[in-house]
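Throughout, residue positions are numbered sequentially from 1 according to the sequence presented.
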Amino acid sequence: MLLAWDAATVRAAEEPLLAAGVPLMDRAAFALSVIVARELLERRGRVGGARVVLLVGPGNNGGDTLFAGAYLAARGAAVTAVLAAERVHDEGLAALVAAGGRAARVGPDEGARLAAGADVLLDGLLGIGARGGLRGTARDLVGALAPARPRPFVVAVDVPSGIGIDDGTVPGEVLPADLAVTFGGAKPGLLLPPAAGLVGRVEVVDVGLSLPRDEAAVTRLGAADVAAAWPVPTADDHKYRRGVLGVVAGTSTYPGAAVLVCRAAVRAGVGMVRYLGDVGSAVVAAHPEVVTGEGQVQAWVLGPGVDAHDEAQAARIAAALRSGLPAVVDAGALPHLPERVGPHVVLTPHAGELVRLLAARGVAAERDEVAAAPLAVAREAHELTGATVLLKGAVTVVVGPGAVHTQAEAPAWLAAAGGGDVLAGLLGALLAGRSSDVLAEPTLAARLAAVAASVHGRAAHAANPGGPVSASTVADALPATVAGLLRDAGR
């Protein structure tokens, strides 16, 4: 599990240590230098003679970068600091020069030329105390670097300079990072889109901060967390105890949506799938284990492939929502959502559907706004409806009561027709398998939504590593994906 804390919480955790004289900067800089040296060893076999360029801004972030450069210079690297501020950390600069590094105060074009020739480039322009995008020399420097090809391996010092630390927004020029080395704990901007899309890997350095887990702003689940949340049957369970998922999906125009929802739920291992709708014959032909007609249900999937004006399906959706059971509300069911629901109801819109959902409640938004600030828009939808909101995207954002999750396992190939139907069926299976827990624990639906997003992405990788996938192949990869996660976790 990767937890992220906002800038204010991190600074508050630093204060008592700094007051006690704990050398946080030295700890951070040394660890950063070790990680950069490891990358150099992997890429060129040695540190000595490597070309390392530091982009240095003001304040402590620039100090971390300069001291790390001094450690690398002492190991034989050729280190050059490009100074992008009038004042930089004096002690860090002195340490770099004393270790044999050099500093250059040059124009953006020359700075970009120096940076482009590096084996490793450290972005230490701005830290977590900054607000807004890059300005002045730093902005011009990053802008001049943008077209550089080939680009050196970029290490962001704590965070890529210029991102929204707490919300993941990207207000201006940002240098994409292959690796972010972050101190004390991850920062939300590293895990939230769109900024998360500018970061390859995140490595957290423990510098001794005491950061309360219950005050984390964003959570990203790992494989062990996913396995721990998965409902695993015991020898005493039967199909009803394992969960029955009711599905209201599909029409004669879109029968495939119903088939895919049921396919994913069956493959995910739910006890039973009960289908209600007009394309039951197509569903049963594809999956004879699916039952049609009314009966016992522990959770619902509502809306995939449903025309919002289909009166029969609308009546079924309304009845399911009145049941008070956990539910996935997707696509054609979103317009039928009551004004307020509980967090056991999980909305799974894409950006356009979220815009329409908000508009129906008097809140104007555009797709561009969702792309620029997905957390803010998803949070507004959660606050307006009371539902848990899973906003689909390259980085999935889940907002529930007091909880924000993001998952980023999905390959770009998963952006294909039917992918959302598979996610809905998978999530529905989880809600059915843990129905009573979801009703008892208001935050659990958000965690299970994140689990579903993670497994969905992992299954897409497993279906065809590195290449195209279809919704059907992703659904078919679910059993092995889940089994592998449970096996690795010892369950």
Side-chain angles (χ1 to χ4, degrees), residues 1-13 128 164-169 184-193 195-196 202 204 209-222 224-226 228-231 299 324-329 337-349 354 357-358 361 363 370 373-393 395-408 427 430-431 434-454:
M1 182 183 298
L2 184 56
L3 302 177
W5 290 266
D6 62 31
T9 302
V10 172
R11 286 198 295 268
I128 65 171
I165 305 300
D166 292 339
D167 61 10
T169 54
K187 315 306 182 294
L190 296 171
L191 306 185
L192 290 166
V202 176
V204 180
L209 302 187
S210 179
L211 291 164
R213 293 177 66 87
D214 60 357
E215 293 182 20
V218 180
T219 299
R220 180 166 293 175
L221 303 180
D225 309 303
V226 170
W230 200 270
L325 292 170
V328 179
V329 178
L337 187 73
E339 196 67 23
R340 296 288 299 179
V341 293
H344 63 284
V345 175
V346 184
L347 315 184
T348 57
L354 186 57
L357 178 75
L358 292 172
R361 286 160 172 74
V363 177
V370 179
L375 173 62
V377 182
R379 183 171 273 152
E380 185 162 26
H382 163 65
E383 291 171 352
L384 280 171
T385 64
T388 297
V389 177
L390 182 156
L391 175 57
K392 292 179 280 198
V395 177
T396 296
V397 177
V398 181
V399 180
V404 175
H405 297 266
T406 71
Q407 298 298 139
L427 176 53
L430 281 169
L431 296 180
R434 298 196 60 183
S435 179
S436 58
D437 296 334
V438 169
L439 294 174
E441 303 173 35
T443 63
L444 181 57
R447 178 175 287 254
L448 294 180
V451 167
S454 176

With sequence neighbours left out, what residues match E441 under side-chain contact (heavy atoms from CB on, under 4.5 Å)?
D437, L444
Apply side-chain contact (heavy atoms from CB on, under 4.5 Å) to R213 and list each qualifying residue two or more places apart in sequence or on a separate chain.
M1, L3
List the residues meeting side chain to side chain donor-acceptor pair (under 3.5 Å) with T348, not counting sequence neighbours, and say none if there are none.
D330
Knowing that exactly one of V328, T388, T385 qualifies, which makes a side chain to side chain contact (heavy atoms under 4.5 Å, CB included) with L347?
T385
Heavy-atom side-chain contact between V226 and R447 under 4.5 Å
no
Do R340 side-chain atoms and L384 backbone N/O form a donor-acceptor pair below 3.5 Å?
yes
Do P326 and L439 have side chains that approach each other closer than 4.5 Å (heavy atoms only, starting at C-beta)?
yes
Is there a donor-acceptor pair under 3.5 Å between the side chain of R434 and the backbone N or O of A229?
yes
Please round to the nearest 0.5 Å and tell me the distance separating atom CG of L448 and atom CG of L390.
11.5 Å
Atom pairs and distances, side-chain donor-acceptor, residues 396-406, under 3.5 Å, sequence neighbours left out:
| from | atom 1 | to | atom 2 | distance (Å) |
| --- | --- | --- | --- | --- |
| T406 | OG1 | L191 | O | 2.9 |
| T406 | OG1 | R220 | NE | 3.3 |
| T406 | OG1 | R220 | NH2 | 3.0 |

Minimum heavy-atom distance A449-V346, with the two atoms named:
CB-CG1, 4.3 Å
Exercise: identify the closest heavy-atom pair between G184 and L211
O-CD1, 3.5 Å
Minimum heavy-atom distance P231-L430, with the two atoms named:
CD-CD2, 3.5 Å
Can you see which heavy atom on Q407 is nearest to which on A450, and at what distance?
CG-O, 3.4 Å
Mind checking what makes side-chain contact (heavy atoms from CB on, under 4.5 Å) contact with V377, not counting sequence neighbours?
L354, L358, V370
Does the pair L221 and S454 meet the rule for a side chain to side chain contact (heavy atoms under 4.5 Å, CB included), with working shown?
CA-CA 8 Å; L221 303 180; S454 176; 5.7 Å; no
Distance-minimising heavy-atom pair for I128 and A7:
O-CB, 3.7 Å
Would the distance check show the side chain of K187 and the main-chain N or O of G185 forming a donor-acceptor pair, the cut-off being under 3.5 Å?
yes
What's the separation between atom CG in L2 and atom OG1 in T219, rounded to the nearest 0.5 Å?
8.5 Å
With sequence neighbours left out, which residue pairs that include part of residues 1-13 fulfil the side chain to side chain donor-acceptor pair (under 3.5 Å) condition?
D6-T9
Nearest heavy-atom approach of A186 to V204 is N-CG2, 4.1 Å
Applying side chain to side chain donor-acceptor pair (under 3.5 Å) to T169 and not counting sequence neighbours gives D167
